[in-house]
Protein chains: 2
Amino acid sequence: MRRVTLDDVASLAGVSPITVSRVLRKPDSVSEPLRQRVNSAVKELGYVPNIAASRLASARSHAIGVIVPTLYNVIFAEYLLALHEILVDAGFQVIVVNSRYSEIEEENAIKALLGQRVEAVIIAGIHHTTHARQLLTRAHLPVVETLELSQDPIDINIGMSQESAGRAATQHLIQRGFKRIAFLSGNLDHRSQSRLDGYYLAMREAGLEDFELVTQRPRHSSIALGSALCAEMLNCMKMPEAIFCTDDNLALGAMQECRKRGIGIPYNISIIGFHDLEFAACASPSLSSIASRRYETGKLAAEKVLAAIHASTRPAVERIDLGFEVKARESTGD
Amino acid sequence: MRRVTLDDVASLAGVSPITVSRVLRKPDSVSEPLRQRVNSAVKELGYVPNIAASRLASARSHAIGVIVPTLYNVIFAEYLLALHEILVDAGFQVIVVNSRYSEIEEENAIKALLGQRVEAVIIAGIHHTTHARQLLTRAHLPVVETLELSQDPIDINIGMSQESAGRAATQHLIQRGFKRIAFLSGNLDHRSQSRLDGYYLAMREAGLEDFELVTQRPRHSSIALGSALCAEMLNCMKMPEAIFCTDDNLALGAMQECRKRGIGIPYNISIIGFHDLEFAACASPSLSSIASRRYETGKLAAEKVLAAIHASTRPAVERIDLGFEVKARESTGD
DNA sequence: GTGAAAGCGCTAACAT
DNA sequence: ATGTTAGCGCTTTCAC
């Protein structure tokens, strides 16, 4: 049961192999009659081109590698959606690899992508192993690091300051007169850590005492996790006046837990989340949050990559701050 | 800036190319001294094997194709997680393609995957274009259709009866004495449609009148969508006694909307969702739901694929019903 | 345990 | 507009 090859199609159509190749890739360069003969031969044989052979011969993969830490988080789903919309339309295959929040796995992902000769790499995050960074630099292809701001980008860096955003969220609570402000997070990835740093900064600036609860928990299902963490906090500590949750899912879970215990929001406790997920605006009470621009980040990353590929040079080092926005809503008394 | 090839490594190490190839793939078959020389040459040159060449020469891709309708839904994230865990450990690359709930895009996805010579295809869903089905059959590789039960599987089918589950959810409400039972859904994909069929069936069996609200809306952000749909329903129709939401996100949104309007759950309206997402058990009130086994589905699909690849034959047609479970909780008065 | 030769299935470059 | 030739970078097969 040999697979059908381009040569088989050529024989059946009575043309040379290269003509078949042309019909498939640039049909306009082949005359109508030949094109028709080739197309019917393709159909008759059920020919499907071998992409590996094509990639080898043309030295182009038409593939772009994307590394995300997880698929469990809508943030990355929205980011990937934007990337896909643009890159697939431009004729590229998007190869998504999951690093599971591990720099070692990220390095392996990079090796796998380079092995596939992707034409660019887009990474969520700016922290890599030394070797990973070396691999990316040596590969001489466009690299976009996203979602955070880097002091020292490899090529292009598109993101926001997670620390400033964490500071802004905390300041939002401080401005409303709260002093006992808690910070709630599950596992701390780099981005959450930066938000925590921003929290510390704002608290210190205001002369307030820190009061964080960070736990090592599985990352997914964070509404449930938010309830659990909130319960833990309320059981073990003096009640805070306000809570800054490192993401909206945690915040929603915390709100549910408070409701269950008859703690009024924002009357007894104010809560602010992060990312401004779509349910935040329509929750009851509506949830204050920090809006992050992950869709725009993905879109811009894709556009920059396409531009760099067309320019066929590595882009100049560039850092783009897409910023964030404080969304003041009912859960913090607005 | 020519890329480093296996031949370059061979020259530097002073061995033949095939030895380099062996060191990389079956290090045990090469003597210690040569292996070391090769490995240092690899490191020195920063050699990264060209996978396209490897796939072409070996006629094996070590890749498995997976088609899902969206990445926006945790259901598929959990399903993919299971697939990844098993297939990546077994040395396969998992190529995920997104059909965006379109059979045409699914067909294109299948072509793309076959072009990459994937060694098996795992598809969420059982509905394909005629041509897509033909492509899969002719490709002579293991095919697993999942998440629904098919009358006529291509090879292996692992799933549950969405219709029975929809019927069971409705019966759960009927047994609690409700008569005005609403069905709430955004866009109807095949699985939601089957749940709706189950709803119709149960209502007819009980001699009750249908009362569904199905809308054409964007699919993501369904907590927000659930609030919106619930509001629409409460504004336009006589108030139902119970609502069956086609997924837990919609149900949570509906609960939020009811709360906002001072409608007590389950005192004024009972609500049941679908999928038993992790927040269902910890919502307040806790949300009744139908537990689907998507993780197990992914796991079993991966295992069946590995078995079929090792057996190097297409598997016999097989249909596995993984079932579902009714989770009775506070939102329906339990 | 190691190597030489041949070829996987395409496409680039150069004819015609 | 179509064909010829050569080769992409690996692995297979067979020999030593």
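No hydrogens, no waters, no symmetry mates; every other heavy atom, side chains included, goes into these values. Per chain, numbering begins at 1; letters A, B, ... match sequence-line order.
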With respect to the phosphate group of [N], does any side-chain polar atom (N or O) of [X] fall under 4.0 Å of OP1 or OP2?
X	N	answer
A:Ser31	D:dT2	yes
B:Ser16	C:dG3	yes
B:Arg55	C:dC8	no
A:Arg3	C:dC10	no
A:Ser21	C:dT11	yes
A:Ser29	D:dA1	no

Using the side-chain heavy atoms of [X], tell me which of these nucleotides is nearest: [options].
X	options	result
A:Ser54	C:dT2, C:dT11, D:dC10	C:dT11
B:Ile18	C:dA4, C:dA12, C:dG9	C:dA4
A:Thr19	C:dC10, D:dG9, D:dG3	D:dG3
A:Ser58	C:dT11, C:dG9, D:dG3	C:dT11

For atom [atom1] of [X] and atom [atom2] of [N], their distance in whole Å:
X	N	atom1	atom2	answer
A:Arg60	C:dA12	CZ	C1'	14 Å
B:Tyr47	D:dC10	OH	C1'	7 Å
A:Ile51	C:dC10	CD1	P	10 Å
A:Asp7	D:dA6	CG	C1'	14 Å
A:Leu24	C:dA12	CG	C1'	17 Å
A:Leu45	C:dG9	CG	P	14 Å

Open item on the list: Please identify which of these residues, B:Leu6, B:Asp7, B:Asp8, meets the side chain to side chain contact (heavy atoms under 4.5 Å, CB included) condition with B:Val4.
Closed with: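 Of the listed residues B:Leu6, B:Asp7, B:Asp8, the side chain to side chain contact (heavy atoms under 4.5 Å, CB included) partner of B:Val4 is B:Asp8.
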
Task: C:dG3 base / B:Arg22 side chain donor-acceptor hit below 3.5 Å - done: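 Such a pair exists between side chain and base.
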
Open item on the list: Counting distance alone, no hydrogens or angles: does the base of C:dG9 have a donor or acceptor under 3.5 Å from a partner atom on the side chain of B:Arg117?
Closed with: no

Task: Carboxylate-amine/guanidinium contact B:Asp321 B:Arg293, below 4.0 Å - done: no

Open item on the list: Looking at B:Arg35 and B:Glu32, is any side-chain nitrogen of the basic one under 4.0 Å from a carboxylate oxygen of the acidic one?
Closed with: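 A salt bridge links B:Glu32 with B:Arg35.
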
TODO: Classify the angle between the aromatic ring planes of A:Phe92 and A:His62 as parallel (below 30°), tilted (30 to 60°) or perpendicular (above 60°).
DONE: tilted

Under 3.5 Å, which donor-acceptor pairs do the side chains of residues 47-54 of chain B form with other protein atoms, sequence neighbours left out?
unit_1: B:Asn50; atom_1: OD1; unit_2: B:Ala52; atom_2: N; d: 2.8
unit_1: B:Asn50; atom_1: OD1; unit_2: B:Ala53; atom_2: N; d: 3.2

